[in-house]
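Chain letters run A, B, ... following the sequence lines, proteins first, then strands; residues in each count from 1.
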Protein chains: 2
Amino acid sequence: MSAVLPPLPTPPDAHEPELLQLGLPEDEPCLRADAARNRARLLEAATRLVAEHGAAGVTMEAVAAAASVGKGTVFRRFGDRTGLLTALLDHSERNFQAAFLSGPAPLGPGAPPVDRLRAFGHALLRRSGDEMDLMLAAEPSPERRFTPAPRRVHHSHVTLLLRQARPEADSELLAQALMGYLDPATIHHLTRRCHMPLERLEKGWDDLVARLTCADPPR
Amino acid sequence: MSAVLPPLPTPPDAHEPELLQLGLPEDEPCLRADAARNRARLLEAATRLVAEHGAAGVTMEAVAAAASVGKGTVFRRFGDRTGLLTALLDHSERNFQAAFLSGPAPLGPGAPPVDRLRAFGHALLRRSGDEMDLMLAAEPSPERRFTPAPRRVHHSHVTLLLRQARPEADSELLAQALMGYLDPATIHHLTRRCHMPLERLEKGWDDLVARLTCADPPR
DNA sequence: ACTTTAAGCGGACCTCGGTCCGCATCATTA
DNA sequence: TAATGATGCGGACCGAGGTCCGCTTAAAGT
């Protein structure tokens with residue numbers, strides 16, 4: 001919708017501009033001085049609100065007020081609420097991406113793909129366990145669930161590892177199935193609602209990975 | 001939230017009252033005459049709105065107006081928007097449940113569990129292909145994604161079949177992984193955004209089922 | 001038929017996400 | 001330093017979901 005402003009075909013850093021395969025988002029292309037200052041203030045204010053009232057307390061108006069900034073500014077900078085929340089997860093996301101893209105094995109490169117897949121799942125499970133409420137709140141509407149850049153990066157990564165482990169398979173689809181298991185909503189459901197311990201989820205993940213990557217065709 | 005009215009611990013038929021394992025939702029326990037009439041009017045109005053403007057056009061106020069009824073009445077009857085949308089899917093859902101609970105094999109009872117699982121996936125894929133927009137619109141917030149009764153029924157069913165096929169496995173978790181693949185948002189993403197043909201999804205499902213149900217432990 | 005009462009009704013009201021547009025401000029060029 | 005666009009800013013405004021509460025009415029009891 002919109003796209004009325006010529007220089008803004010898409011909101012500035014709504015969902016992390018172009019990190020795609022391995023580039024992490026630039027720390028803002030070339031933001032005007034006041035804009036950059038306001039951005040920092042907004043993120044700080046939002047962080048404080050999360051700490052005080054949880055993710056549910058992060059209202060666009062509240063954030064704007066807490067940062068002494070107009071509401072329009074928040075939207076201009078982050079596009080929408082999920083954009084702001086996603087930006088709040090940026091630090092954690094960078095660390096995570098750094099870990100599986102260039103960190104030590106088995107999560108990073110160097111280990112066999114199956115081990116890396118296992119490690120990836122465990123890492124994501126733990127991370128979700130921590131920032132659960134933020135991740136849930138940052139979830140876009142179903143139509144856009146897979147459009148935010150972090151998701152796409154995770155998906156590509158898993159697809160890649162899968163392709164290495166089983167070149168003949170439909171890695172795209174397999175990756176989709178695997179990522180479904182790691183969806184924040186799923187994890188929330190299993191751990192918080194069904195009270196499953198994390199170890200059980202990890203065990204389940206390992207089993208899943210093993211079965212989806214073993215070479216010989218079933219039956 | 002709410003639970004202020006003593007006789008209404010949860011909205012009447014917000015998400016299909018108690019069909020649980022195999023009971024389909026009663027056609028309304030004991031609704032007062034005018035209430036039943038209004039309910040019918042509302043559903044009819046909503047259906048018309050969907051036909052005319054798509055699921056996005058189904059505004060609570062619009063439905064109320066189209067049914068010549070107060071807005072409060074809509075909420076009293078259906079709890080919230082997702083409740084109304086879910087009710088709209090009720091017919092289709094009943095048919096589907098009837099098919100896999102007591103219809104002809106291989107979807108219904110009589111076939112080996114693996115075949116039933118395969119059939120179940122294909123059936124759900126097709127159904128989602130049809131009522132896609134309604135199903136997406138009826139998706140609740142991430143925290144509640146798994147609370148609507150239909151989902152729970154599907155999950156139980158898959159868990160059951162899985163347990164029959166592989167009694168020693170963690171069927172709950174496996175079912176979760178399988179159901180993730182059949183999530184409306186996922187299907188929407190793969191078919192509409194990535195333009196994958198349905199056959200590919202079906203093939204992927206079959207592969208998934210085969211690998212998750214084959215007896216011998218991998219590696 | 002009359003009373004009673006719980007269920008139902010309606011729409012004013014609130015909150016919050018998102019848009020719009022006139023005005024201010026930064027950066028650039030002269 | 002002054003002029004001048006482009007970029008950013010702010011907050012009034014809108015629409016939609018959801019709540020509230022006083023009034024109405026169906027239906028069960030007498």
Looking only at side-chain atoms of [X], point me to the closest of [options].
X       : options               : result
B:Lys71 : C:dC26, C:dA12, C:dC9 : C:dA12
A:Leu31 : D:dG8, D:dA27, D:dG17 : D:dG8
B:Val69 : C:dG10, D:dT19, D:dC9 : C:dG10

[N] phosphate, OP1 or OP2, under 4.0 Å from [X] side-chain N/O:
X       : N     : answer
B:Thr73 : C:dG8 : no
A:Arg77 : D:dC9 : yes
B:Arg76 : C:dC9 : no
B:Asn38 : C:dC9 : yes

Expressed as a whole number of angstroms, how long is the span from [X]:[atom1] to [N]:[atom2]?
X       : N      : atom1 : atom2 : answer
A:Phe78 : C:dT19 : CZ    : C1'   : 18 Å
A:Glu61 : D:dA12 : CD    : C1'   : 11 Å
A:Arg41 : D:dG8  : CZ    : P     : 16 Å
B:Leu42 : C:dG10 : CG    : C1'   : 13 Å
B:Met60 : C:dC14 : CE    : P     : 21 Å
B:Phe75 : C:dG8  : CZ    : C1'   : 16 Å
A:Asp80 : D:dG15 : CG    : P     : 20 Å
A:Leu49 : C:dC16 : CG    : P     : 12 Å

Sorted by first residue and then second, give each side-chain hydrogen bond (donor to acceptor under 3.5 Å, both in side chains) pair with at least one member in residues 44-53 of chain B; sequence neighbours left out. none
Give the ring-plane orientation class for B:Phe120 versus B:Phe96, where under 30° counts as parallel, over 60° as perpendicular and anything between as tilted. tilted
When you match B:Arg32 and B:Arg81 each to their closest nucleotide on DNA chain D, which lands nearer the 5' end? B:Arg81
For A:Gly72 and A:Val58, take the nucleotide of DNA chain C holding the closest heavy atom to each; which residue's nucleotide lies nearer the 5' end? A:Val58
Enumerate donor-acceptor pairs with a distance under 3.5 Å from any side-chain N or O in residues 194-202 of chain B to protein atoms, sequence neighbours excluded.
| unit_1 | atom_1 | unit_2 | atom_2 | d |
| --- | --- | --- | --- | --- |
| B:His195 | ND1 | B:Arg193 | O | 3.3 |
| B:His195 | NE2 | B:Arg192 | O | 3.3 |
| B:Arg200 | NE | A:Asp170 | OD2 | 2.7 |
| B:Arg200 | NH2 | A:Asp170 | OD1 | 2.8 |
| B:Glu202 | OE2 | B:Arg126 | NH2 | 3.1 |

I need the minimum non-hydrogen distance between B:Gly103 and B:Pro109, along with the two atoms involved. O-CD, 3.6 Å
What I'd like to find out is whether the side chain of A:Met179 reaches to under 4.5 Å of the side chain of A:Asp183, using heavy atoms alone. no
